[in-house]
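Only one structure is covered here, and it is reproduced in the block below.
These numbers come from a predicted model, not from an experiment.
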Amino acid sequence: MTEPLAPQYNPEQIETELYHRWEAAGSFQPSVRRSAGPPVRPYVVMMPPPNVTAILHMGHGLNNTVQDVLVRLERMRGRATLWLPGTDHAGIATQNVVEKLLAKEGKTRFDLGREAFVERVWAHVKETGGTIIEQLKAIGCSADWSRTYFTFDERMSRAVREAFVRWYEKGLVYRGHYIINWCPRCLTALSNEEAEKNEVDGRIWRLRYPLADGSGSITVATTRPETMLGDTAVAVHPEDGRYRDLVGRELALPLTDRRIPIVADEAVDPTFGSGAVKVTPAHDPLDFEIGRRHDLATLDIMTPDARLNDAVPERFRGLDRFEARKRVVAEFETLGLLEKVENHRHAVGQCYRCDTVVEPRLSDQWFVKMAPLAKPALEAYRSGRLRFIPERRGEEYAQWMENIRDWCISRQLWWGHRIPVWYCDASECGKTTASRTDLTTCPACRGPVRQDEDVLDTWFSSQLVPFSSLGWPERTSDLERYYPGDTLVTAPEILFFWVARMVMSGLDFMGDLPFTTVYLHGTVRDTQHRKMSKSLGNGIDPLDVVRRYGADALRYTIIAGMSVGTDLILDPDDLETSFAPGRNFANKLWNAGRFILGNLHGPVRPLAGPYSNVVGREELCLADRWIIARCDATVVEATAAYERYRLNEAASAVYHFIWSDLADWYIEQIKPRLYGDQPGGDVARAVAARTFEVALHLLHPIMPFITEALWLRRPGRRDGDSLVEAPWPRSDPRARDPEAVGDYGRVQQTIAAIRQIRADYRIDPGELVRAGVIDTKFVGSSPLWQEWQTIRRLGKVSSTTPLVSADGFGVSATVVLPDGTQVFVPLGDVIDVPKERIRLSEERDRLGRLLASQMRKLENHDFLNKAPKEVVEREQEKLKNWTEQLQVITQRLGLLSSP
RNA sequence: GGGCGAAUAGCUCAGCUGGUUCAGAGCGCCUGCCUUACACGCAGGAAGUCGGGGGUUCGAAUCCCUCUUCGCCCACCA
């Protein structure tokens, strides 16, 4: 690490080098080990169960970067941390992917059979799941990988059974015959959350059902005409005058030979449609409830893959539901019973994994009773113990808790935790047993048993992660030490799937919240605001970005571009625009480091405090005091921003300090001192080294690789050094120096003024000009005189001392600084009186307009009376300065117009 | 149908408690520069009625009302 640094930052080389170093030192998981002393409540961040099929997509890149930033930050601030990473891949998605692979071979899961299929999925998961960790390490994530949990490891499996059995014994888990969301493609039940409601432009058909005695008809409306074949009643509102006389009479259900009753039910809205509802108890949740109240038959007319079954007239059997819809409508039309077809926009449930339209289906499923669990979870939020960032997400959470419905947890899949319930086959016993261990005989009658065929919803195991990953139900020391965690960082789309359920199960099983702060970051979207997804082909592979621009560039873009609660828009077709700023910044930092570190040869006097007795305050020049003050202000600003989870603000504060203050101004200022002949080189070295180090600290959570690489290359490093273990910089009141900030600001303004004149007059960059200042306040002792060498170098000025009188040099170009100081460049060969006159008149006019409105403001009695005193004073000060500036400009203009 | 959010430079967005960070940043654009840390750079510049309208206030990008357009969450009107 002592070879000369390359002029261009090479992320691939540096990151790979550090990756191996960190891995060898075990520093991908050093967090908890170092808190061996007194018990420390660690800062815990959890990783959501990734969708193993996606391996690593931009969402994970974003999520894990935010997590890593917070974890590194807390570690640097002296807190023990624990980052629990894991993969829970027991969901529909994983099964889908393997089914797709099978489809390419022309097979389905049914061809393989349960056991072979599960083995096949396992093989896939092992292959892809293992690479996730390597990929996350590649973007610098420092989670405690040794604690990684996998869905089917022993801990998880045991916890799942324990949770199920406990809830079963408390009566919170029950088996019920209800309408659930069914995906005809995945052939499984879905929870309400998994059935995404999407608005679609559909149609509504008005169908006429004749009365059985032929004395009239009743019209019903439906968006799913095919379900009429399963109708077992028509319902009207009991108070509806139009239909009161018809209640109790029978209808002849068209296309069938069945007769169905007309019933009265409160659930019907008399103002909607015709006020009469066809009742299909087996295929609609509302109808199911109506059917129950009126003791109606339930007629299931569909097969699991949504074809019509043998319960319908023969000509419809085997038809797909959408095909059947057309046939039913056509037949109604032929019979003259189709009254109307209207366009209708309504919400249709779709499977969140495969987008297939969900079919409400009557079946036996396992449910969790949610109301008792939701109550304390809601209370935790209302009492303020559980907080959300951004805050408004808390209301979404509360709303969901208040309207919670029971959770369907059984899935008719083969891949997942199998439901730990056994049914006794003996007809006289028939006992149902939930058990923590596998059963071979019925505990009641010793007869043969068979296990429930279904598996659990993935989120059933995921909700246990905060404690199952720590060894629950055993009371392990990990659990004692790390259980109530601190912060959860995750995506808003799994607020209900995962976050809410972790809160509920944590409160119920552990008696305490699993975390107290939920930070919900935005979603990565493309320029059309679509969520990035594989199927749309608008995704960005984070590893591709890492290869091209480096992990730090990726992380910088993510953090800098995302303010609290907003989404991150990236253009997949233009990675350059998004990620180059991060790469450029890394390169800038690299070169600033190259310069500073390269000049630290020889003894560098330490600078312990800003004005320690090693390098005393009296040795510091204006620029030194200025950069130390700026550095301290950046510490304050960045720390405050980090603490408020405003990571983008922290990023921009450090960016600005490094690029604008340190690189553009300070490094330029100290060059003469470093290059030898000027005094104070060792002071400059000390100050540069110190402020640069602080900047590395502040930036490390966001850009760990490059900051660590530079940190390791500084002189005086020790083996085993790591920035993440170094203490966070503290603000020092002695560093604050408003005088230096103001004075150096005027130096910068002076240089800018000279540069502006040079550019305006197109003076050759190589040509030196004479320049001067008329500084009425500090003649001879002003900072402009002290820093004249800097002004000379950066403004390319030949005058060895500032010229003091503009008039003595003929025509000059002048810029007036806000405090009235005149900066002027005698024009010599490039005299251009008309041009200068235009420049100054424009400036005079601008100031004139500013002054006019300012005077109006200050003549307003209301303003003078009502505005706070400081504000009035400030405004008066402004007026004074502008008047002064205007006077100076007018004066110079006068000189130009005189012959 | 209910709830929430957003609209600021050509693009992506900051702007928190109304007034010296008030009209900003990055990218893009224009003009000069290969100046011994960096052309992934340096210096200078152009560019915005702060979505429309109304109100509150001495003062509004900022607070209130309203309209328009996008987005998100929730919801068993068939």
Say we look at [N] and [M]: how far apart would their [atom1] atoms be, to the nearest angstrom?
{"N": "B/C13", "M": "B/A7", "atom1": "P", "value": "10 Å"}
{"N": "B/G5", "M": "B/C65", "atom1": "P", "value": "11 Å"}
{"N": "B/C77", "M": "B/A14", "atom1": "C1'", "value": "44 Å"}
{"N": "B/C64", "M": "B/A25", "atom1": "P", "value": "28 Å"}

Using purine N1 to pyrimidine N3 plus N6-O4 or O6-N4 for Watson-Crick, or N1-O2 and O6-N3 for G-U wobble, both under 3.5 Å, which nucleotide pairs with [N]?
{"N": "B/U69", "value": "B/A6"}
{"N": "B/G1", "value": "B/C74"}
{"N": "B/G19", "value": "B/C58"}
{"N": "B/C42", "value": "B/G32"}

Hey, does the side chain of [X] come within less than 4.0 Å of [N]'s phosphate (OP1/OP2), counting only N and O?
{"X": "A/K588", "N": "B/C42", "answer": "yes"}
{"X": "A/W665", "N": "B/C42", "answer": "no"}
{"X": "A/R646", "N": "B/G15", "answer": "yes"}
{"X": "A/R405", "N": "B/C76", "answer": "yes"}
{"X": "A/K878", "N": "B/G19", "answer": "no"}
{"X": "A/T566", "N": "B/A14", "answer": "yes"}
{"X": "A/H344", "N": "B/A78", "answer": "yes"}
{"X": "A/N584", "N": "B/G41", "answer": "yes"}

By the 4.0 Å heavy-atom rule, please label [X] as base, sugar-phosphate, or nothing.
{"X": "A/F585", "result": "nothing"}
{"X": "A/W205", "result": "nothing"}
{"X": "A/T271", "result": "nothing"}
{"X": "A/S563", "result": "sugar-phosphate"}
{"X": "A/P868", "result": "base"}
{"X": "A/A592", "result": "base"}
{"X": "A/P581", "result": "sugar-phosphate"}
{"X": "A/A235", "result": "nothing"}
{"X": "A/D269", "result": "base"}
{"X": "A/D571", "result": "nothing"}
{"X": "A/R583", "result": "base"}
{"X": "A/A586", "result": "nothing"}

A/E342 vs A/R203 side-chain heavy atoms within contact, under 4.5 Å: no
Rounded distance (Å) that lies between atom [atom2] of [N] and atom [atom1] of [X]:
{"X": "A/Q854", "N": "B/U20", "atom1": "CD", "atom2": "C1'", "value": "11 Å"}
{"X": "A/E395", "N": "B/G5", "atom1": "CD", "atom2": "C1'", "value": "14 Å"}
{"X": "A/Y675", "N": "B/A37", "atom1": "OH", "atom2": "P", "value": "3 Å"}
{"X": "A/E493", "N": "B/G71", "atom1": "CD", "atom2": "C1'", "value": "14 Å"}
{"X": "A/L817", "N": "B/U20", "atom1": "CG", "atom2": "P", "value": "21 Å"}
{"X": "A/Q748", "N": "B/G44", "atom1": "CD", "atom2": "P", "value": "11 Å"}
{"X": "A/K857", "N": "B/C22", "atom1": "NZ", "atom2": "C1'", "value": "11 Å"}
{"X": "A/L495", "N": "B/C74", "atom1": "CG", "atom2": "P", "value": "9 Å"}

Do [X] and [Y] sit within salt-bridge range, that is, some charged N less than 4.0 Å from a carboxylate O?
{"X": "A/R393", "Y": "A/E396", "answer": "yes"}
{"X": "A/E359", "Y": "A/R224", "answer": "yes"}
{"X": "A/D764", "Y": "A/R758", "answer": "no"}
{"X": "A/E12", "Y": "A/R547", "answer": "no"}
{"X": "A/E842", "Y": "A/R839", "answer": "no"}
{"X": "A/E843", "Y": "A/R846", "answer": "yes"}
{"X": "A/E226", "Y": "A/R321", "answer": "no"}
{"X": "A/K878", "Y": "A/E875", "answer": "yes"}

Using the closest heavy atom to pick a nucleotide of RNA chain B for each, name whichever of A/D567 or A/I667 lands nearer the 5' end. A/D567
RNA chain B: 5'-proximal contact among A/E637 and A/Y655 (nearest heavy atom): A/E637
Looking at [X] and [N], is any side-chain donor or acceptor paired with a base atom of the opposite kind under 3.5 Å?
{"X": "A/E649", "N": "B/C16", "value": "yes"}
{"X": "A/E668", "N": "B/A37", "value": "yes"}
{"X": "A/R644", "N": "B/C16", "value": "yes"}

